[in-house]
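Here the structure is laid out as structure tokens; the discussion comes afterwards.
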Amino acid sequence: MATRLLRTNFIRRPHCFSSLRPVGSPTVTASTAAVPEILSFGQQAPEPPLHHPKHNQTHHDIDLSDQARLFASVPTPDLLRSTAVLHAAAIGPMVDVGSWVMSSKLMDNALTRGMVLGVVKGTFYDHFCAGEDASAAAERVRSVYEATGLKGMLVYGVEHADDAASCDDNMQHFLRTIEAAKSLPTSHFSSVVVKITAICPISLLKRVSDLLRWEHKSKSFKLSWKLKSFTVFSDSSPLYHTNSEPEPLTAEEERELEAAHVRIQDICRKCQESNVPLLIDAEDTILQPAIDYMAYSSAIMFNGDKDRPIVYNTIQAYLRDAGERLHLVVQEAEKEGVPMGFKLVRGAYMCSEGKLADSLGHKSPVHDTLQNTHACYNDCMTFLMEKASNGSGFGVVLATHNADSGRLASRKASELNINKKNGTIEFAQLYGMSDALSFGLKRAGFNVSKYMPFGPVETAIPYLVRRAYENRGMMASGALDRQLLRMELKRRLMAVIA
């Protein structure tokens, strides 16, 4: 079976930062982008100053200035490990050496392999991952909630599959993940996460995306196999991936596509029966049309509850067409009476998007500047919150490590009189990252979840390398967490000495 767990081809520097430029003089705030699909903007930055409350701070602002209150629920041993891991991940040469070791021939030797995996498990793995299987991850969700009040998103750590057997196997893992979530009190978890790339072969997703693009280009071009869905393109969407009319799907490919639809429908049905929301992750634009098509066709089938959607699709705000596509989908969903759920992220494939577009003689589909990406995220966030506030059944997951977006959302929620506890609006951050923001949002009364991947230690290494690169000194939000952790450890130490 050809399954790749946590993208094993990513044992290297995972992101490219030169293609996204800030406008004007660089400033350091507690703001960076993130979440799988998480965009790490790589401007080197010093440790940021803390944002102390201003005299006009209102009750609906989130407060990240009091580290004692933020980390009150974190035991000192956990605080020490978090501080050590995040500081180690901020040392560039250490991350580079660690990445090299984990992809070198040293891992072919049983002795050195065991030593490396042992060190990784006791440090980075335990910090960023929830366990080696679904039951262990569920227990970690339980313990995190009981200690901090933060919910969990269960994420089986598989990303890509290349054949039907792998897709079938992955589907069974996703079904077991739903069972694990179902075993928890509903207060402890928010959702499970699935990647369409794990239950439909990559090659087929590329073929379907090509055909969908050509259908958008040529209105007379019809796809007989296409299920009812919402639009996956706007007038500004990138279509350069498909320059000539693709060959139609073969009979075998149509059978494979039908099998993929059955897999996602089985997963959705299980979620519907278990009352477990399902978040569908996003990918590169070369694959995303097929993923959106399958996500929206599933939403039409399974989002029957007018009060709460089951299926959530992901919008990547670093794409220039994100806002237009979001508005079009919402318009169609409202017309059809289908409640929709959206997870809003910034994005994660900046480097690959730029390289592919450049190789084809086109401009990258990603915003030119960091500020434009922030503006797009905040505009989409405001739009979705306004829709969710009117009782239309929309659900919104704001996946961000950006403190400024968190503050804006908090103020908007108060302005719109949104019920913070009914699950209509929630925030999410990666497990092991941006804990200060998570705790600050939780203290402000919001539902906050941690994106908690699980899987065997060995298969999680590529994921851990990506988290290490995101946490190194280039990320201001990581710097803020490190600064707050140091301050809290110092305070506790002084309290013991005194």
Side-chain angles (χ1 to χ4, degrees), residues 13-15 28-36 38-51 64-68 70-99 101-102 119-130 140 144 147-148 150 400-403 406 428-442 448 450-453 457 460-493:
R13 183 182 299 270
H15 298 294
V28 179
T29 69
S31 306
T32 48
V35 187
I38 296 176
L39 179 57
S40 303
F41 297 103
Q43 301 300 318
Q44 289 289 348
E47 300 275 309
L50 292 179
H51 290 263
L64 304 183
S65 65
D66 188 343
Q67 81 282 350
L70 289 172
F71 295 107
S73 62
V74 182
T76 299
D78 292 347
L79 206 66
L80 282 166
R81 187 188 66 190
S82 296
T83 305
V85 169
L86 292 179
H87 277 76
I91 302 172
M94 182 176 292
V95 174
D96 294 334
V97 170
S99 175
V101 168
M102 289 187 287
V119 170
V120 168
K121 186 179 189 309
T123 53
F124 291 89
Y125 179 88
D126 284 344
H127 183 77
F128 291 115
C129 298
R140 182 69 65 92
V144 168
T148 67
L150 299 177
T400 182
H401 291 191
N402 187 301
Q429 289 82 42
L430 287 171
Y431 184 54
M433 289 178 65
S434 292
D435 286 346
L437 178 58
S438 299
F439 292 140
L441 289 163
K442 180 69 175 65
V448 184
K450 288 302 215 180
Y451 184 100
M452 302 176 73
V457 179
I461 285 176
Y463 176 85
L464 296 173
V465 170
R466 292 203 300 281
R467 297 292 78 77
Y469 275 116
E470 288 173 358
N471 269 286
R472 62 196 301 177
M474 67 182 75
M475 285 187 67
S477 67
L480 176 67
D481 263 15
R482 294 192 298 272
Q483 186 177 2
L484 289 168
L485 286 166
R486 288 197 305 269
M487 291 175 64
E488 176 58 9
L489 281 173
K490 180 180 179 181
R491 186 195 68 80
R492 294 185 186 187
L493 177 62

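What you see below is based on every heavy atom in this structure, not just the backbone, and it leaves out hydrogens, waters and symmetry mates.
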In Å, rounded to the nearest 0.5 Å, how long is the span from [atom1] of [X] to [atom2] of [Y]?
| X | Y | atom1 | atom2 | answer |
| --- | --- | --- | --- | --- |
| Lys490 | Thr83 | NZ | OG1 | 14.0 Å |
| Leu150 | Met452 | CG | CE | 9.5 Å |
| Phe71 | Asp78 | CZ | CG | 12.0 Å |
| Tyr431 | Tyr451 | OH | OH | 15.0 Å |
| Leu80 | Thr76 | CG | OG1 | 6.5 Å |

Say whether, by atom type as modelled, one donor and one acceptor occur between the side chain of [X] and the main chain of [Y] under 3.5 angstrom.
| X | Y | result |
| --- | --- | --- |
| Asp481 | Asp435 | yes |
| Gln429 | Thr400 | yes |
| His127 | Ser82 | no |

What I'd like to find out is whether the side chain of [X] reaches to under 4.5 Å of the side chain of [Y], using heavy atoms alone.
| X | Y | value |
| --- | --- | --- |
| Arg81 | Asp126 | yes |
| His87 | Arg486 | yes |
| Leu79 | Arg492 | yes |
| Phe439 | Val448 | no |
| Thr148 | Lys450 | no |

Please report the shortest heavy-atom distance between [X] and [Y], naming the atom on each side.
| X | Y | value |
| --- | --- | --- |
| Glu488 | Ala68 | OE1-CA, 3.3 Å |
| Ser73 | Ala147 | CB-O, 3.0 Å |
| Leu86 | Gly432 | CD2-O, 3.8 Å |

